[in-house]
There are 2 protein chains.
Amino acid sequence: MVTAPPSTDVSRLHAAAVARALSDPKRLCVVEKLGAGERSVSELSRDVGCQVPNMSQHLAVLRAAGLVASRREGSTVRYRLVDPRVLDACRLLQQVAG
Amino acid sequence: MVTAPPSTDVSRLHAAAVARALSDPKRLCVVEKLGAGERSVSELSRDVGCQVPNMSQHLAVLRAAGLVASRREGSTVRYRLVDPRVLDACRLLQQVAG
DNA sequence: GCGCGGCTTGCGTACTTGCGCAAGTGATGA
DNA sequence: TCATCACTTGCGCAAGTACGCAAGCCGCGC
């Protein structure tokens, strides 16, 4: 298997960083939207209901955690999920929270 | 099915709270330890390597998120996971972080 | 009752975060 | 070239967080 359960200090550190990135409702919403396909910053800020600079910061957080990646397309920048398992993580979080 | 993908605002709020609770390496470590069975506060603080009051606070955070529950046993207090899926969430976070 | 070990709580401090707003960068079209 | 749109970055502030330390609470044994 790819992932034995060693749980070293560093792996916990990274996992905590990922959890941190997912610990905001707006970012959770962004991840869900991106689960349906690429979106631009302005689309996401409209869907989530925040200003563009704010969304840009949230996306920067998600990117720093390695959860999303960006791609320039003409004058717009389109974001996507790096790993579809992030969506699973979101759903699992909601189940546990339920 | 148990898990439709509605993702209302409140469910995202709760999920974010859970993610928030898991967004600390020490708390992640605690969850893993508790995955192996009940532990007392002093055991956990020793394993994780922090002072008892600090561990107590981390446990309070996890309890506020509904992830752990406590039980008095004589003079000690033993904590346990409320839902084993929390462990799955931890593992998934580590995989995504990998 | 009394002290003691096990936990919790309160308090102060240093640090991080989310947000709005203004300014900067970069590509597009006139 | 210049104006414009899309996005990013810098800045300041209010709010939240982790930690250590000291004090309080609570069962248990003496």
Side-chain angles (χ1 to χ4, degrees), chain A residues 9 12-34 37-81 93, chain B residues 9-10 12-31 33-34 37-82:
Chain A
D9 286 2
R12 265 194 292 270
L13 210 73
H14 293 160
V18 170
R20 179 73 191 72
L22 296 177
S23 69
D24 182 284
K26 287 189 173 78
R27 288 196 289 265
L28 234 34
C29 190
V30 165
V31 168
E32 289 172 10
K33 300 290 183 194
L34 293 184
E38 285 190 345
R39 298 288 158 96
S40 69
V41 179
S42 43
E43 283 173 334
L44 290 170
S45 71
R46 207 177 322 112
D47 291 351
V48 172
C50 69
Q51 300 187 199
V52 172
N54 188 6
M55 176 53 64
S56 191
Q57 288 182 152
H58 282 303
L59 289 167
V61 170
L62 289 171
R63 180 164 43 190
L67 303 185
V68 305
S70 60
R71 177 177 69 87
R72 250 213 128 87
E73 187 180 81
S75 68
T76 76
V77 177
R78 300 184 75 76
Y79 280 79
R80 65 182 179 281
L81 286 185
L93 286 172
Chain B
D9 286 1
V10 278
R12 265 194 292 270
L13 210 71
H14 293 161
V18 170
R20 177 75 191 68
L22 297 177
S23 70
D24 182 284
K26 287 189 173 77
R27 288 197 289 266
L28 235 33
C29 190
V30 165
V31 168
K33 300 289 183 194
L34 293 183
E38 285 190 345
R39 298 288 158 95
S40 70
V41 179
S42 43
E43 283 172 336
L44 289 169
S45 71
R46 209 178 320 115
D47 291 351
V48 171
C50 68
Q51 300 188 199
V52 172
N54 188 4
M55 175 54 65
S56 190
Q57 288 183 153
H58 281 303
L59 289 167
V61 170
L62 289 171
R63 180 164 43 189
L67 303 186
V68 306
S70 61
R71 177 176 68 87
R72 247 210 131 89
E73 187 178 82
S75 68
T76 76
V77 177
R78 301 184 72 76
Y79 281 81
R80 65 182 179 281
L81 286 185
V82 165

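No hydrogens, no waters, no symmetry mates; every other heavy atom, side chains included, goes into these values. Proteins get letters first, then strands, A, B, ... in listed order; numbering begins at 1 in each.
Distance B:Glu43 CD to C:dG6 C1': 12 Å, rounded to the nearest Å. Between the CZ atom of A:Arg46 and the P atom of D:dC5 there is a distance of 15 Å, rounded to whole Å. Regarding B:Met55, its CE atom lies at a distance of 13 Å from the P atom of D:dA18, rounded to whole Å. Rounded to an integer number of Å, the gap from B:Arg72 CZ to D:dC25 P is 14 Å. Rounding to whole angstrom units, CG of residue B:Leu62 and P of C:dC7 are separated by 16 Å. In this structure, B:Arg39 atom CZ and C:dC7 atom P are separated by 13 Å, rounded to whole Å. The separation between B:Leu59 atom CG and C:dG6 atom P is 16 Å, rounded to whole Å. Atom pair A:Glu38:CD and D:dA6:P shows a separation of 17 Å (rounding to whole Å applied).
Remark: A:Asn54 is in phosphate contact with C:dC19, judged by side-chain N or O atoms under 4.0 Å from OP1 or OP2. Between C:dC19 and A:His58, a contact under 4.0 Å exists linking OP1 or OP2 to a side-chain N or O. Residue A:Arg27 has a polar side-chain atom (N or O) positioned under 4.0 Å from OP1 or OP2 of C:dG18. Look at A:Thr76 and you won't find any side-chain N or O under 4.0 angstrom from OP1 or OP2 of D:dC5. Put simply, A:Tyr79 has no side-chain N or O that comes within less than 4.0 Å of OP1 or OP2 on D:dA6. Between B:Ser56 and C:dT8 there is a side-chain polar atom (N or O) within less than 4.0 angstrom of OP1 or OP2. The phosphate of D:dA18 has OP1 or OP2 within less than 4.0 Å of a side-chain N or O from B:Arg20. Side-chain nitrogen and oxygen atoms of B:Ser42 include at least one within less than 4.0 Å of the OP1 or OP2 phosphate oxygen of C:dC7. The shortest distance between the side-chain N/O atoms of A:Gln51 and the OP1/OP2 oxygens of C:dC21 is below 4.0 Å.
Residues A:Asp9 and A:Leu13 form no side-chain contact, since every pair of their non-hydrogen atoms from C-beta on lies 4.5 Å or further apart.
Comparing D:dC7, C:dT28, C:dT9 against the side chain of B:Gln57 picks out C:dT9 as the nearest. The A:Lys26 side chain lies nearest to C:dC19 when the options are C:dC7, D:dC7, C:dC19.
Interatomic distance, B:His14 NE2 to B:Arg12 CZ, rounded to the nearest 0.5 Å: 12.5 Å. The CG atom of B:Leu34 sits 13.5 Å away from the CZ atom of B:Arg27 when rounded to the nearest 0.5 Å. To the nearest 0.5 Å, the span separating SG on B:Cys50 from NZ on B:Lys26 amounts to 6.0 Å. From A:Arg39, atom CZ reaches atom CG of A:Leu81 across 10.5 Å, with rounding to the nearest 0.5 Å.
Counting any heavy atom pair closer than 4.0 Å across all strands shown, A:Val77 reaches sugar-phosphate atoms only and no base atom. Using a 4.0 Å heavy-atom criterion, one finds that A:Val52 contacts the bases of the nucleic acid, with or without backbone contacts as well.
Each of A:Cys50 and A:Gly74 lies near DNA chain C, and the nucleotide nearest A:Cys50 is the one positioned closer to the 5' end.
Salt-bridge formation is not detected for the pair A:Lys33/A:Glu43: no Lys NZ or Arg NE/NH1/NH2 atom is positioned less than 4.0 Å from an Asp or Glu carboxylate oxygen.
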